[in-house]
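Have a look at the structure below, then the notes.
These figures come from a predicted structure and were not determined experimentally. Residue numbering restarts at 1 for every chain, and letters A, B, ... go by the order of the sequence lines.
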Protein chains: 2
Amino acid sequence: MDSARPTETLHTKIIEDIRNKIVEGHWKPGHQLAKETELATRYGVARMTMNKVLTQLAQEGYVTRRKRSGTFVAQARVQSAVLEINNIGEEVAALGHSYSWTLLNSERRRMSQADLRALGVGRKVVEEEVLYLQGIHFAGNNPFCLETRAINLDVVPTALQMNFSKDVPGSWLLNTMPWSTARHQIRAVNASGRDAQLLDLPTGAACLEILRKTKIGTNWVTYARLLYPGEAHQLIAEFEPRAAGEAP
Amino acid sequence: MDSARPTETLHTKIIEDIRNKIVEGHWKPGHQLAKETELATRYGVARMTMNKVLTQLAQEGYVTRRKRSGTFVAQARVQSAVLEINNIGEEVAALGHSYSWTLLNSERRRMSQADLRALGVGRKVVEEEVLYLQGIHFAGNNPFCLETRAINLDVVPTALQMNFSKDVPGSWLLNTMPWSTARHQIRAVNASGRDAQLLDLPTGAACLEILRKTKIGTNWVTYARLLYPGEAHQLIAEFEPRAAGEAP
DNA sequence: CCCCTCGATATGTCTGTACATGTTTGAGGG
DNA sequence: CCCTCAAACATGTACAGACATATCGAGGGG
C-alpha cells in the first residue's frame, strides 16, 4: 500500500493530529477534549488505543487529565531547566526584589542590517516589517536586564495595538503565542559604551548575553537580546542522564 | 497530607526497579535484558504490562529496543540541548580545530575552604578527601577552556590510578560513571589575574564561567569549574514548549 | 563458497473486557 | 437552606488474545 513509513502507526498519527490542533492554536489552553470513549469512536479505534494516545500527550505535557472531569489542553510555556527567565518579573520576585519595567524605545520599521547583527541573526535576506523595542527590567532600583527585541508583525500584527510601556513584551508574547519554540545563544561579553551606560555599569564589565529566537512552525515570531550584568545573574541548569540522541 | 502512595502502581514499581538496576550500575550499558515474556512471568504480570514498562523506559532513554534482537541498556550520557560540552574535545573538533589537553596540577588532598569557594560550593561542612586537578583545553594553539576540578575519592577511588596528563578527566568520568546527574551554574565574569594569564587574555576580559556539580544518587562525584573566553565560546540551547511543572 | 530465501522469534500494535479509583452531582435528611 | 452521602461517570490500571513487522540464522540454489 503505502511505502515504508516506520513511525506511522495508528496511535502515532492520532497523537500528531491532536498535537497539531493544540500547537496551531485550534484548541486553546484550557479547552476540554471530548471523552476517551467518544474520541475513540470518532477516530475509529479502541478505547485502549485512545488511552495510550492521551496518556502520552499528558506525559509530553500537552494536556492534563483529571478523573471524572476530563482531559484539557495544558497551559503552555516555553520552559526549561535552564531558562526559566521567560518571565523576568517572576525571576526578580523570586530574588526578593520589587520588579519594574521601563520602555525606552518603540518603533515600527523594517529590520536593518545593523539590527540583524545586534540581535545575532546571521545572513538573513528578507528585511521584514517589525516592531522594534528596547527597555530595561529593574530589580528594586537597579537595572537587572537590558532587553532589545524585534517582533514579526506578519505573525503577530496585534502587537501594534499593545502599550508596551505597561505590559512587558516577553510575558505578553508568551501568553499570546503559547506554543512557540525557542533557541538561545548564551555568551559572555564585555559591556560596551551604550549598553554599559544603560545598565549603570563600568565599561568592560562582564555581562551574560542571551540571544533568543522564537519560532512557531516555520515562522519566526521574535528575536530578543537580553543583557544581564554578570555578577548579578546566573543561569541554573539541572540535567538527568539520557541516552544519546533522544528527544524528551 | 495523605499517607497513601498514589503513584505506586504495578508498572510504576517495576519501572523504578529496572531503572535502579541501570542507574546503580548493576546492568551496564549494552547489557541485554531478558525478553518481554520472561520478564513478565518473572514479575508476575501480563506481557502488556511489561510492554508498557519497557516502552516507557525506552522513551525515557534508559533502554533501546530492536525487534527480534531484544532490549538493551542504552549508552548513557549526561546530555542536554544546552550543554553538549561534556566532551570538550568533541566540541573543539566540531569547530574544526585540533584539540589538546594539558594538565597543570594534580594532587590528593582535603578540600580547603578556598577550594570550596573557587568551585562555587556553598556552605559545605565536611571537607572530604579529593583529587584536585587543574588543566587547560586547547583549540589549536589557543587556550579554549580552563578547568579546575575536584573528584570525590570516596566515590571514585580508581581516579588515583589514572594518569590525567593523558586522559581528560571529564571524558574519563563520563565513561566511568555513566548515569550521573549534573547541575550547572552559568555566569559571566571578568577574568582575574591568574585565570587571565592562563587563558592568555587581557585582565578584565569577559569569560563564561560554568560551575558543574555531578552527583550519583545522593553522593557528589565531582565539582568542576570551566572558564571559557567569552568571545570564543557560546552555548546553544533549543527548547520545545512544555506544560508548566512537567519533568521530561 | 557465497548469496538468497524462508522460517522462527521477539518486539510492536491493536482490540475487547474487567475492575479500581477519584470527582462530580444530586437527592434526601437535619 | 445547607450539609452529607451515595450513585453516576470518566479516567486509571491490568489482563488476555491476535495479528503485524523486523531481524537473525539456517539451509538450499547458483
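dC14(C) atom C1' lies 13 Å from atom CG of N51(A), rounded to whole Å. dC15(D) atom P lies 11 Å from atom NE2 of H11(B), rounded to whole Å. Look at CZ on R47(A): it is 11 Å from C1' on dG16(C), rounded to the nearest Å. Spacing between atom CZ of R65(A) and atom P of dG22(C) amounts to 16 Å, rounded to whole angstrom units. Counting to the nearest Å, the P atom of dT13(C) and the CE atom of M48(B) are 11 Å from each other. For K13(A) and dC14(C), the NZ to C1' distance is 13 Å, given to the nearest whole Å. Distance CE (M50(A)) to P (dC14(C)): 12 Å, rounded to an integer number of Å. If you take CD of Q56(B) and P of dG12(C), they are 14 Å apart, rounded to a whole angstrom.
Checked against the 6.0 Å centroid threshold, W172(B) and F164(B) count as a close aromatic pair.
In this structure, D167(B) and W101(B) approach most closely via the heavy-atom pair O-NE1, 3.8 Å.
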Worksheet item: Checking side chain to side chain donor-acceptor pair (under 3.5 Å) for the pair T71(B)/R65(B): CA distance, chi angles, key distance, verdict?
Response: CA-CA 4 Å; T71(B) 305; R65(B) 316 190 71 195; 3.2 Å; yes
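Atom CD in E16(A) sits 10.5 Å away from atom CG in L57(A) (nearest 0.5 Å). Put simply, OH on Y99(A) and NE2 on H137(A) are 4.5 Å apart, with the number rounded to the nearest 0.5 Å. In this structure, CG on N152(B) lies 4.5 Å from CH2 on W220(B), to the nearest 0.5 angstrom. Annotation: the span from Y228(B) atom OH to E147(B) atom CD amounts to 8.5 Å, rounded to 0.5 Å. To the nearest 0.5 angstrom, L226(B) atom CG is 6.5 Å from R149(B) atom CZ.
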Name the pairs: protein N/O against N/O of nucleotides 23-27 of chain C, kept only if under 3.5 Å.
from	atom 1	to	atom 2	distance (Å)
dT23(C)	O4'	K67(A)	O	3.4

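A side chain to side chain contact (heavy atoms under 4.5 Å, CB included) with V156(A) is found for exactly one of L131(A), V130(A), V221(A), T222(A), namely V221(A).
Within residues 31-41 of chain B, no residue is approached by DNA chain D to less than 4.0 Å at the level of any non-hydrogen atom.
Of the candidates dT15(C), dG12(D), dT13(C), dT13(C) carries the atom nearest the T9(A) side chain, counting heavy atoms from C-beta on.
The shortest distance between the side-chain N/O atoms of T71(A) and the OP1/OP2 oxygens of dT11(D) is below 4.0 Å.
Contacts of T49(A) with the nucleic acid, taken as non-hydrogen atoms under 4.0 Å apart, include base atoms.
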